[in-house]
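Quantities reported herein were computed from a predicted structural model and do not represent experimental measurements.
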Amino acid sequence: MSENSQFRFPGATGVGSLPGADTREAAKTATGSFEDFPFLPELPARGPGADMIGRTAGMLVELYARVEPSGWRIGDRPGRDTRRARSWLREDLDALEEFTQDYQGDLKVQAVGPWTLAAALELKNGEAALSDPGACRDLAASLAEGLRQHLDEVRRRVPGARLVLQLDEPSLTAVLRGQVRTASGYRTHRAVDRQIVEAALRDVVGAHGGGPVVVHSCAPDVPFALLRRAGAAAVSFDFALLTERDDDAIGEAVEGGTRLFAGVVPGTDTPLSDPAGSVMGVRTLWRRLGLRPGLLAEAVTVTPACGLAGASPAYARQVLAHCVRAARSLADNPE
């Protein structure tokens with residue numbers, strides 16, 4: 001078993017984003033839905049700075065970003081957009097602190113990972129930071145230091161929590177395959193060498209000081225083996241996007257002690273099956289891989305397929321409760 005096997009995660013949690021703009025209501029939902037694995041919610045409906053790129057850009061140290069018509073662009077000094085992103089994050093932390101008094105247990109916080117950030121943030125010339133290896137290195141270093149400070153702040157506010165850091169990397173596969181488009185849209189940036197990608201991820205994972213890190217992607221073809229080598233204790237993904245091509249990588253991950261955060265519940269409003277039906281595919285995968293059924297509850301955390309920003313508030317609450325019941329179904333009836 002790998003060193004990741006030391007981490008034991010509860011059976012269900014959310015991905016990160018929730019609908020609406022009410023900070024206290026979001027914190028109440030994110031903490032009240034999960035007795036043992038709440039998360040710090042994100043509310044992108046509030047606008048620029050509350051979106052996942054702007055929120056993480058506000059965490060950077062000695063790098064700043066502002067909103068341009070084309071998206072977020074790195075600038076020389078903190079401006080209105082940076083201040084707004086930091087203000088909203090403080091509001092979110094205030095609300096989280098209010099609803100986690102005396103809490104003891106796991107608590108998940110999310111930030112964008114270095115490669116999705118490099119694909120999304122523009123340099124002064126309008127091209128993605130991804131186009132400049134030096135800018136990518138600077139961005140990863142700034143992010144790592146910003147995350148250290150952010151995690152320290154959360155620890156101060158919720159001292160009884162074991163923090164779990166989630167890095168959102170939906171663009172990672174596109175970075176590895178050279179599929180990120182240039183500013184003109186006519187070309188793509190060249191693929192980044194896998195060893196460089198892995199090294200930067202390892203450095204940012206290390207910002208948690210040995211604490212558990214989940215890497216999340218709701219894109220197809222998640223690079224499970226690379227993420228494991230970079231130090232991820234768990235990989236979070238949209239279960240519906242798996243194919244049998246992923247079987248070997250998933251089997252190796254489970255046997256190596258890597259936790260699977262299986263996104264099995266749709267993230268936008270739709271009729272839900274019964275909880276056991278939601279995890280039927282997970283049981284089928286387990287049988288196909290020849291894995292021991294009793295390992296299911298130890299190896300799988302149930303989540304929505306992706307963030308819930310596009311859902312109605314009522315559906316979002318329903319989904320989080322459904323994840324808890326689906327996880328219980330896996331634990332009670334692994335076969």
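To the nearest 0.5 angstrom, L96 atom CG is 5.5 Å from L107 atom CG. The CG atom of L289 sits 9.5 Å away from atom CD of E244, with the distance rounded to the nearest 0.5 Å. Considering CZ of R77 and CD of E62, their distance stands at 14.5 Å, rounded to 0.5 Å.
Evaluated for a side chain to side chain contact (heavy atoms under 4.5 Å, CB included) with V112, the options L117, L143, D51 yield exactly one hit, L117.
Side-chain contact of Q104 with D102: a donor-acceptor pair under 3.5 Å is absent, judged by distance alone. For the residue pair D269/S312, the side-chain donor-acceptor check at 3.5 Å is satisfied. T23 and R46 are linked by a side-chain donor-acceptor pair at a separation below 3.5 angstrom, with hydrogens and angles left out of the test. Residues S142 and R137 bring no donor and acceptor atom of their side chains to less than 3.5 Å of each other. Side-chain contact, R259 with T301: a donor N or O sits under 3.5 Å from an acceptor N or O. With hydrogens and angles left out, the side-chain atoms of S278 and S273 include a donor and acceptor closer than 3.5 Å. For the residue pair T116 and E169, a side-chain donor N or O sits within less than 3.5 Å of a side-chain acceptor on the partner.
Cluster membership check: V61 does not share its hydrophobic cluster with V154, using side-chain heavy-atom separations under 4.5 Å among Ile, Leu, Val, Met, Phe, Trp and Tyr. L241 and F261 end up in different hydrophobic clusters when Ile, Leu, Val, Met, Phe, Trp and Tyr side chains are linked at under 4.5 Å. Linking Ile, Leu, Val, Met, Phe, Trp and Tyr whenever their side-chain heavy atoms come within less than 4.5 Å leaves F99 and L43 in two separate clusters.
The main-chain N or O of R317 is never found under 3.5 Å from a side-chain atom of T29 such that the two would form a donor-acceptor pair. At distances below 3.5 Å, not a single donor-acceptor pair connects side-chain atoms of K108 with backbone N or O atoms of V214. In this structure a side-chain-to-backbone donor-acceptor pair under 3.5 Å is present from T284 to M280. At distances below 3.5 Å, not a single donor-acceptor pair connects side-chain atoms of W115 with backbone N or O atoms of S171. Side-chain N or O atoms of E42 include none that pairs as donor or acceptor with a backbone N or O of A50 at under 3.5 Å. Although no hydrogens or angles enter the test, the distance criterion places no donor-acceptor pair under 3.5 Å between the side chain of H216 and the main chain of G16.
No salt bridge links R66 with D81; every basic N to acidic carboxylate O contact stays at or beyond 4.0 Å.
Taking 4.5 Å as the limit, every side-chain heavy atom of Y64 sits out of range of all side-chain heavy atoms of D76. Between E68 and W72, the closest side-chain pair of non-hydrogen atoms is not below 4.5 Å.
Remark: R80 CZ is loosely packed, at most 12 non-hydrogen atoms of other residues, nucleotides or ligands lying under 6.0 Å away. By the 6.0 Å contact criterion, CZ on R245 is open, its count of non-hydrogen atoms from other residues, nucleotides or ligands being 12 or less. For R24, the CZ atom is loosely surrounded, since the number of other residues' heavy atoms within 6.0 Å does not exceed 12.
Closest heavy-atom contact between C323 and V265: SG-CG2, 3.8 Å. Residue R90 comes nearest to R157 through the heavy atom pair O-NH2, 4.3 Å, listed as atom of the first residue, atom of the second, then distance. The two atoms that bring Q110 and V15 nearest to each other are CG-O, 3.4 Å, heavy atoms only. Shortest non-hydrogen contact noted between S17 and P44 is CB-CD, 4.0 Å.
Partners of F237 by ring-ring contact (aromatic ring centres under 6.0 Å, His included), not counting sequence neighbours, listed by chain and number: F224.
Applying the disulfide (SG to SG under 2.5 Å) test to pairs two or more places apart or on separate chains, those with a residue in residues 116-229 are C218-C306.
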